Structure formats: C-alpha cells, structure tokens
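It should be emphasised that the depicted structure is a prediction, and the values quoted were computed from it without experimental measurement.
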Amino acid sequence: MTTTTYRVNGKDIFVAETGEGPTVLLLHGGGPGASGVSNYSRNIDELAKHFRVVVPDLPGYGRSTKGIDQNDPFGYLADSIRGLLDRLGIERAHLVGNSYGGACALRLALDTPERVDRMVLMGPGGIGTTRGLPTPGLQNLLSYYSRSGPSRDKLATFIREYLVFDGSAVPEDVIDTRYESSIDPDVVADPPLRRPSGPHALRTLWRMDFTRDKRLSTLQTPALVVWGARDKVNKPSGGRMLVETMPHCELVVTSETGHWVQWERADLFNDITHRFLGA
C-alpha cells in the first residue's frame, strides 16, 4: 500500500492506495476518530485483488486538513472527493461509502452522475433525517465533543453500544487508536460532524436529507444499499426509502449487524461488493 497527500482545492487529502483494475474509492464514516484505512481494515486487501482501491481520509478526519463547510457538509465532502478524482486523473469510479461517507458518495452522484460508475452504500447518512427524531446512536455521536468533551469512555460507549451489534468483538486497540485521533486539537476545536446551528440551520438540515432532493428519483447510477438490521445510528428503514425511490437500487439487510456492516460482516460484504461492482 502506498500513501500520498494531495492538495485539493487548497486543502490536503491523505490517501492510501493499493491494487490494480477499475478504481474503487472507499469513503469512511463520520464517527469520532474515524479514518479511511481503519474503517476498511477488513476489506481493502480483498477488494484490491480485483480493483485499484483508493482510501482517502475525508476532510476533517485522519491526516487530511481539518475543518469543513458546515452550511453544506455533504456538498463540501462531495466537492473535495470530486477534486481528488481530478488530481488522480480519474474520470469515473466506483464509490463505496459507510454512513457519512455514504452521504458523500450519494451527493457526488447526484451532483455529477457522470463521475460515478456504481455505488455501494452502507447505512448511509442523510436518509429521512428530517422525517423523525434522531436515533439514540446519532444523538450519542453528536454529543461526543459537547458537555464534558471527548473521553475514551465516551468513545468506547459509542462504539460498543451503538456502532456495532456485538460490542465485545471490538478490540481495545481499535478504541485506543480512534480515541487518540479524536482528540487532535484541530478536531476538538472544529468537529467535522455536528448539529447544524445558526440562522441557516433549518436550510442545512433540509439539504442534508436526500429524501427531500427531487433528483434522487431520477438518479440512474446503479446502487447496492447494505444495512444492518440492528443499526442504532441510521435507521434501517432508510434502506426501504432508497430502494423505493432510486430507479436502480438493490437492498440487502443483514441480521445481528449494527452500523458497521463492512467490519462486522466483512466476508459477506466483500463478496457482495465484488459481485455488484463486476469483479
């Protein structure tokens, strides 16, 4: 695996890359301390057997520049990843996105569908978020940097009780690594994922719910949506919303699985992703 930092729209994006073949971008979730390689640690090697696998740290995370546009977070992420594709000289790519990364992938496809071949979305963010109260997991995630501030105990609670179905399966070193990343002073000062606020908060919330976007029903990009039936962060009912709205959408719901499908059910995820992307 090679690592490179690219300058995109005046900001740095850290990228790990391996494999050969059609390009697949793996876009990670938005939980505290998340990063590309750590989120896809159980998938990269398998996917690299058939694809060129590009794994960025999204803006605001890992070794990429901190700070994002809070007035349009998903649009900012999509613009950044599109800029990364330009820097890499890639016209079209497959996008694989978990949660926050799934929202990034979906927004990129809506804005510039000609740049996306196929998408795999795992419990993507921004699905029906204005049509009900936030889940307990999302509330826990959004409160990580507020009140008493970040702590290892708070992160362990989020990961073991809300992120996965079986919290006992998460090794201590995973929590340690994510905690150290989550307390980067630049991240603490400007958390990338937080509740919209200010005079434009309602507009931002509306923009962040893809079920309010009329383009969703005409998007021709083939999509595979994978959702854990026991997801406590993004409601599994979002999968049904997508499959009933998007013209070319397949839905897989997995039992005894939480929000981190690609980690909890890695063998299944790797297999269906290979097949869907045409390996």
Side-chain angles (χ1 to χ4, degrees), residues 1-18 23-40 52-117 119 124-126 142 144-145 150 178 180-201 203-205 207-208 210 213:
M1 182 180 294
T2 62
T3 60
T4 311
T5 298
Y6 294 94
R7 196 72 174 168
V8 177
N9 301 332
K11 304 291 180 65
D12 288 338
I13 296 184
F14 174 84
V15 175
E17 183 174 338
T18 186
T23 301
V24 177
L25 261 71
L26 305 183
L27 307 175
H28 65 78
S35 67
V37 172
S38 66
N39 272 210
Y40 290 100
R52 175 189 180 186
V53 179
V54 177
V55 193
D57 287 348
L58 291 174
Y61 291 86
R63 284 177 271 186
S64 293
T65 297
K66 307 307 182 286
I68 67 169
D69 179 4
Q70 293 295 338
N71 289 317
D72 185 14
F74 297 159
Y76 181 86
L77 295 176
D79 289 346
S80 299
I81 295 304
R82 188 182 306 105
L84 176 63
L85 290 174
D86 292 341
R87 288 283 284 111
L88 293 170
I90 299 170
E91 287 297 319
R92 290 172 63 88
H94 299 305
L95 302 182
V96 174
N98 173 229
S99 192
Y100 193 63
C104 171
L106 194 49
R107 178 62 182 271
L108 199 159
L110 287 169
D111 289 347
T112 50
E114 71 278 4
R115 304 300 300 271
V116 182
D117 195 347
M119 292 188 297
L142 293 173
Y144 181 72
Y145 289 102
R178 287 190 60 149
E180 289 302 318
S181 182
S182 78
I183 58 173
D184 181 314
D186 290 335
V187 176
V188 175
D190 188 11
L193 185 57
R194 57 179 187 259
R195 292 182 178 89
S197 60
H200 304 299
R203 185 177 68 181
T204 299
L205 282 169
R207 182 184 287 171
M208 293 176 72
F210 294 111
D213 193 325

Check: Can you list the steps and then say if Thr204 with Arg195 is a side chain to side chain contact (heavy atoms under 4.5 Å, CB included)?
Finding: CA-CA 10 Å; Thr204 299; Arg195 292 182 178 89; over 6 Å; no
Next item on the list: Go through the steps for Asp190 and Lys66 under the test side chain to side chain contact (heavy atoms under 4.5 Å, CB included), then give the verdict.
Entry: CA-CA 8 Å; Asp190 188 11; Lys66 307 307 182 286; 6.0 Å; no
Next item on the list: List the steps and the verdict of side chain to side chain contact (heavy atoms under 4.5 Å, CB included) for Met1 and Val37.
Entry: CA-CA 10 Å; Met1 182 180 294; Val37 172; 4.2 Å; yes
Checklist line | CA sep, side-chain torsions, deciding dist, call: Leu25, Leu85, side chain to side chain contact (heavy atoms under 4.5 Å, CB included) | finding: CA-CA 9 Å; Leu25 261 71; Leu85 290 174; 3.8 Å; yes
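With hydrogens and angles ignored, the 3.5 Å screen pairs no side-chain donor or acceptor of Asp111 with any backbone N or O of Gly75. Arg115 places a side-chain N or O within donor-acceptor distance of the main-chain N or O of Ile90, the cut-off being under 3.5 Å. Within the 3.5 Å criterion, the main-chain N or O of Asp86 finds no donor-acceptor partner in the side chain of Glu91. Distance alone, capped at 3.5 Å, is enough to place a donor-acceptor pair between the Ser80 side chain and the Tyr76 backbone. In this structure a side-chain-to-backbone donor-acceptor pair under 3.5 Å is missing from Tyr100 to Gly125. Arg92 places a side-chain N or O within donor-acceptor distance of the main-chain N or O of Val116, the cut-off being under 3.5 Å. Using a distance-only test at 3.5 Å, with no hydrogens or angles considered, a donor-acceptor pair links the side chain of Tyr145 to the main chain of Ser182.
The shortest distance between side-chain heavy atoms of Ile81 and Leu58 falls below 4.5 Å. Inter-residue side-chain proximity for Pro56 and Leu27 is flagged as met; some heavy-atom pair is nearer than 4.5 Å. At a threshold of 4.5 Å between non-hydrogen side-chain atoms, the residues His200 and Arg207 do not count as touching. Side-chain atoms of Pro150 and Tyr144, non-hydrogen and from C-beta on, do get closer than 4.5 Å to each other.
Annotation for Arg82: atom CZ counts as buried by contact number, over 12 foreign heavy atoms lying within 6.0 Å.
Between Gly29 and Ala34, the closest heavy-atom pair is O-CB, 3.3 Å. Looking at every heavy atom in both residues, Gly60 comes nearest to Pro192 through O-CG, 3.6 Å. Taking each heavy atom of Gly36 and His28 in turn, the nearest pair found is N-CD2, 3.3 Å. In terms of heavy-atom proximity, Gly62 sits nearest to Ser35 at CA-CB, 4.4 Å. For the pair Asp69 and Asn71, the tightest heavy-atom approach, listed with the atom from each and the gap, is OD1-N, 3.0 Å. Gln70 approaches Pro191 most closely through the heavy-atom pair NE2-O, 3.4 Å.
With sequence neighbours excluded, no residue satisfies ring pair (Phe, Tyr, Trp, His ring centres under 6.0 Å) with Tyr40. Applying the side-chain contact (heavy atoms from CB on, under 4.5 Å) test to Thr5 and every residue at least two apart in sequence or in another chain returns Asp12, Phe14.
Rounding to the nearest 0.5 Å places OG1 of Thr4 at 8.5 Å from CG of Leu88. We find the CD1-CG distance between Ile68 and Leu193 to be 7.5 Å, quoted to the nearest 0.5 Å. For the atom pair CG (Leu205) and OG (Ser197), the distance works out to 10.0 Å, reported to the nearest 0.5 Å. For the atom pair CG (Leu106) and CG (Leu95), the distance works out to 10.0 Å, reported to the nearest 0.5 Å. How far OG of Ser181 is from CG of Asp57: 8.0 Å, rounded to the nearest 0.5 Å. Going from atom CE of Met119 over to atom CG of Leu108 covers 9.5 Å, rounded to the nearest 0.5 Å.
A salt bridge is defined here as a Lys NZ or Arg NE, NH1 or NH2 lying under 4.0 Å from an Asp or Glu carboxylate O, and Lys11 with Asp79 fails to meet this definition.
Ring orientation note: the planes of Phe210 and Phe74 are close to parallel, at an angle under 30° on the 30°/60° scale.
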